[in-house]
*Asks:* 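Structure provided below as structure tokens; questions to follow.
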Amino acid sequence: MLKRKILIVMVIIGTWIAGCSINESEDILTPGGRVALPEELSAGESTVFNSTSKAFDTPASWVTGELSALFLEGDALYDNPRVSDGNPVNGGLGPVYAGYSCASCHNDAGRTKSTLFTDGGTGQYGFSSFLTFIRTPNGQNHKNYGRVLHDQAVYGSEPEGKVRATYTEEHYSFPDGETYSLITPHYEIYDWYADSIPVEQLEMSVRTPLRHVGMGLMLAVDKDEIKELASIQYPEYGISGEINWITERNTKQIGLSGHKAQHADLTVELGFLSDMGVTNDRYPHEVSEGQSQVTGEYGIQITTKEMAAVDFYMHALGVPARRAVQNETVQKGEDLFYQAKCHLCHTPTLHTQKEGVKLLDGTNLPWLGGQTIHPYSDYLLHDMGPELGDDYSQFNASGDEWRTTPLWGIGLQEVVNGHSHFLHDGRARNFTEAIMWHGGEGDVSRQLFSKMTQEERETLIMFLRSL
Ligand code: HEC
Ligand code: HEC
């Protein structure tokens, strides 16, 4: 009897010790040595405790040893401006381009402030940092132009055209009297280097860069969870998300990246070719091939191995930890976020698939697997109404549909990139305007937010700032 009791006690102690060690291995320490609070962990083991201008550009803690070297190699290739000559290290830019490095548009892995807002467009010399997709109304490339309008060119060549943005401003007030205004952009392309394309033959979509927060975890996300979210409908609120089923590399897959979820990877090869004019094994032909200004041999301007380093770098970036999670206003703001039904699209919690995720070169990253993450996105498409629409469909995504933008890290965009422009073309100048642009399926949230008191609206925004 005594023996049995001792055994039971031993089993209990054993279980307790085992429990402790499991907890201990799961504990994530902050740089100050304190155990992180669960609410702070935006991305499990990939959470980083950095709220400076490098918050988006810090490796996750599992990046050590050889992986650190690969991270730094990818980081440099991502940051360093490319040049036009045949320089084997960083050549290949142009002849026409939209950006001169990934970081020129994604400064510090964020969303570079655009001349769209400061100069009303490309500007004479200004560097835009946005992408303007162009095509004919039946989805073809225009003669002499590619998929993207290249508004920059190397010495001796001409940009394909320039973009001008003008805005009309409308003033509104909330039921409680607080005022706000929304600016509607109107875009025009001028200085076409070849044939001018008349407006009626032009479909265009102007987009600002996306923050590179949690890119690897986004690709590692449990696809069954996304399918499950797509199957849930909220007829009472007019909300139903849709998967953008895309075909890439001859495979039908769930689109995750891009403002319309039109890609299933981190678009490294496409970014180098289409945004910068840097040819590679997947895309060996200059975007401007066929234009009179492209002459001679250009060859392959970046290797597949180098692009794999950039792919790794983006997967390995950490996600900033949330701040002020115990602040009462922030907690009240979180309740209001749910009350305004924001969470029905900006899904607070998702999980990554157990096995982790594979890079383009096949390397597996197990550290990204089995994580509980808080992207505040369902990665699904929602019809946001004609005011936000642009007539530019991509796979299942119609002109009015956009992917729910993940909100993790959004509270640090101002610190990282020095501006608070939001939405696909950056037309919202702050959080309030971003919410008030939500139409279509997002109208329910816009209405509920409007009906709040000014203090409640500010409280909800305090929560967004903590993300
Ligand atoms: C000219 C500016 C520009 C340059 C240069 C650029 N990007 Fe982007 N990037 C954008 C814009 C704009 C978007 C949104 C595009 C969309 O919706 O299709 C974007 C989107 C992305 C996304 C999707 C992010 C998400 O949350 O879904 C990834 C990944 C990305 N870029 C990677 C890169 C890489 C890698 C490079 C360098 C090889 C690069 N970009 C160069 C402007 C740029
Ligand atoms: C019906 C789904 C839906 C609901 C509900 C919703 N959103 Fe959104 N949200 C989106 C989509 C889709 C976008 C991208 C729209 C675009 O870029 O034009 C977006 C964009 C945003 C952005 C801009 C992000 C950025 O970096 O550009 C913010 C901020 C935002 N939502 C906050 C909220 C808040 C706060 C609420 C609740 C008051 C809310 N949303 C409710 C779908 C939704």
Side-chain angles (χ1 to χ4, degrees), residues 74 77-78 97-106 111-112 114 127-133 148 150-152 205-215 218-219 234 237-241 256-263 265-276 278 302 307 310-311 313-314 336-346 376-384 388-390 394 401-407 409-410 413 420-428 430-435 437-438 440-446 448-449 452 457 460-461 463-464 467:
L77 285 159
Y78 179 97
Y97 61 96
Y100 51 85
S101 68
C102 306
S104 63
C105 299
H106 300 281
R111 173 182 277 176
T112 308
S114 179
F127 168 69
S128 68
S129 96
F130 51 80
L131 284 174
T132 306
F133 298 128
V148 163
H150 297 97
D151 58 1
Q152 318 283 326
S205 182
V206 178
R207 312 229 178 134
T208 58
L210 282 153
R211 295 173 295 272
H212 282 173
V213 176
M215 297 282 91
M218 166 178 78
L219 296 188
Y234 301 95
Y237 304 122
I239 295 179
S240 60
L256 292 167
S257 64
H259 284 294
K260 289 200 195 260
Q262 74 274 22
H263 292 292
D265 63 39
L266 301 187
T267 63
V268 182
E269 306 112 318
L270 187 65
F272 275 107
L273 188 268
S274 179
D275 302 354
M276 295 185 256
V278 180
I302 187 165
M307 292 192 296
V310 176
D311 195 32
Y313 157 74
M314 278 191 289
L336 292 166
F337 182 83
Y338 284 83
Q339 280 173 35
K341 308 296 166 203
C342 312
H343 68 293
L344 297 183
C345 303
H346 294 282
Y376 291 91
S377 176
D378 52 10
Y379 297 105
L380 296 176
L381 299 172
H382 294 276
D383 186 326
M384 300 301 281
L388 275 186
D390 65 1
Q394 289 182 291
E401 284 179 315
W402 300 98
R403 177 196 69 169
T404 309
T405 313
L407 300 182
I410 197 168
Q413 181 181 301
S420 56
H421 282 274
F422 300 120
L423 299 177
H424 65 272
D425 59 359
R427 65 178 70 183
N430 53 47
F431 284 112
T432 303
E433 291 181 16
I435 298 167
W437 270 112
H438 281 55
E441 294 179 42
D443 187 51
V444 61
S445 287
R446 169 166 68 179
L448 291 166
F449 181 75
M452 290 178 184
R457 283 191 295 271
L460 191 157
I461 289 170
F463 166 69
L464 298 178
L467 298 179

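For ligands, and for the atoms within them, numbers begin at 1 and follow the listed sequence.
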*Asks:* Determine the interplanar angle of the Y78 and H106 rings, folded into 0 to 90°, and report it as parallel if under 30°, tilted if 30 to 60°, perpendicular if over 60°.
*Replies:* tilted
*Asks:* Return the CD1 to CG distance between I239 and D378, rounded to the nearest 0.5 Å.
*Replies:* 9.5 Å
*Asks:* Which atoms of ligand 2 are found less than 4.0 Å from any heavy atom of K341?
*Replies:* 5 (C)
*Asks:* Measure the SG-CG distance between C342 and L460 for me, rounded to the nearest 0.5 Å.
*Replies:* 5.5 Å
*Asks:* Between the main-chain N or O of C105 and the side-chain N or O of S129, is there a donor-acceptor pair closer than 3.5 Å?
*Replies:* no
*Asks:* For residues S128 and D151, report the shortest heavy-atom separation together with the two atoms involved.
*Replies:* OG-OD2, 3.0 Å
*Asks:* So how far is it from L344 CG to E441 CD, rounded to the nearest 0.5 Å?
*Replies:* 10.5 Å
*Asks:* Among protein heavy atoms, which lies nearest atom 12 (C) of ligand 1, and at what distance?
*Replies:* R207 O, 3.2 Å
*Asks:* Quick one: does Y237's side chain get under 4.5 Å of L448's, heavy atoms only?
*Replies:* no
*Asks:* In terms of atom number and element, which parts of ligand 1 are under 4.0 angstrom from non-hydrogen atoms of M314?
*Replies:* 35 (C)
*Asks:* Tell me, which protein residue and heavy-atom name are nearest atom 42 (C) of ligand 2, and how many Å apart are they?
*Replies:* M384 CE, 3.6 Å
*Asks:* For ligand 1, note which part of S101 has a heavy atom under 4.0 Å away: side chain, backbone, both or neither.
*Replies:* backbone
*Asks:* Please could you name the atoms of ligand 1 that F133 approaches to less than 4.0 Å, counting only its heavy atoms?
*Replies:* 18 (O)
*Asks:* Can you name the atoms of ligand 1, numbered from 1 with element, that are less than 4.0 Å from a heavy atom of A98?
*Replies:* 1 (C)
*Asks:* Side chain or backbone, does R211 bring an N or O within less than 3.5 Å of an N or O on ligand 2?
*Replies:* yes
*Asks:* With a 3.5 Å distance limit and no angle check, can you tell me whether E433 reaches the backbone of H421 through a side-chain donor-acceptor pair?
*Replies:* no
*Asks:* Considering heavy atoms of the protein only, find what lies nearest to atom 17 (O) of ligand 2 and give residue, atom and distance to 0.1 Å.
*Replies:* H424 N, 2.8 Å
*Asks:* With a cut-off of 4.0 Å, which atoms of ligand 2 are near a heavy atom of E441?
*Replies:* 1 (C)
*Asks:* Within ligand 1, which atoms have a heavy atom of M276 less than 4.0 Å away?
*Replies:* 37 (C), 38 (C)
*Asks:* Mark up the atoms of ligand 2 that fall under 4.0 Å of a heavy atom belonging to L388, in ascending order.
*Replies:* 18 (O)
*Asks:* Can C102 and M276 be said to form a side chain to side chain contact (heavy atoms under 4.5 Å, CB included), step by step?
*Replies:* CA-CA 8 Å; C102 306; M276 295 185 256; 3.9 Å; yes
*Asks:* Quick one: CG on L219 to OG on S257, what's the gap to the nearest 0.5 Å?
*Replies:* 6.5 Å
*Asks:* With atom 15 (C) of ligand 1 as the reference point, say which of R111, H212, H259 has the nearest heavy atom.
*Replies:* H259
*Asks:* Counting each atom of ligand 1 from 1 as listed, which ones have a heavy atom of F272 under 4.0 Å away?
*Replies:* 38 (C)
*Asks:* When the ring planes of F337 and Y376 are compared, do they come out parallel, tilted or perpendicular, using 30° and 60° as the limits?
*Replies:* perpendicular
*Asks:* Carefully, step by step, assess R211 and T405 under the rule side chain to side chain contact (heavy atoms under 4.5 Å, CB included).
*Replies:* CA-CA 10 Å; R211 295 173 295 272; T405 313; 4.0 Å; yes
*Asks:* Can you pull out the closest protein heavy atom to atom 23 (C) of ligand 1? Residue, atom name and distance to 0.1 Å, please.
*Replies:* G258 N, 3.8 Å
*Asks:* Taking side chain to side chain donor-acceptor pair (under 3.5 Å) as the test, write out the residues that go with Q394, two or more places apart.
*Replies:* R207
*Asks:* Under the 3.5 angstrom rule, does the side chain of R111 hit a backbone N or O of P209 as a donor-acceptor pair?
*Replies:* yes
*Asks:* Mind checking the CG-OH spacing from L273 to Y97? Nearest 0.5 Å is all I need.
*Replies:* 16.0 Å
*Asks:* Side chain to side chain contact (heavy atoms under 4.5 Å, CB included) between F422 and I410: does it pass, once the steps are laid out?
*Replies:* CA-CA 9 Å; F422 300 120; I410 197 168; 3.6 Å; yes
*Asks:* Hey, are the side chains of F272 and V310 touching, using non-hydrogen atoms and a 4.5 Å cut-off?
*Replies:* yes
*Asks:* Tell me, which protein N/O/S atoms are under 2.8 Å away from atom 8 (Fe) of ligand 1?
*Replies:* H106 NE2
*Asks:* What residue and atom, counting heavy atoms only, is the protein's closest point to atom 27 (O) of ligand 2, and at what distance?
*Replies:* L423 N, 2.7 Å
*Asks:* How long is the straight-line distance from CG of D425 back to CG of D390, given to the nearest 0.5 Å?
*Replies:* 8.5 Å
*Asks:* Return the set of residues passing side chain to side chain donor-acceptor pair (under 3.5 Å) with H438 (not counting sequence neighbours), or none when no residue passes.
*Replies:* none
*Asks:* Restricting to under 2.8 Å, identify the protein N, O or S atoms around atom 8 (Fe) of ligand 2 as residue plus atom.
*Replies:* H346 NE2, H438 NE2
*Asks:* Counting only nitrogen or oxygen atoms and a 3.5 angstrom limit, does S104 reach ligand 1?
*Replies:* no
*Asks:* Return the residue, atom name and 0.1 Å-rounded distance of the protein heavy atom closest to atom 29 (C) of ligand 2.
*Replies:* I410 CD1, 3.8 Å
*Asks:* Counting heavy atoms only, which of R403, E269, Q262 is nearest atom 18 (O) of ligand 1?
*Replies:* Q262
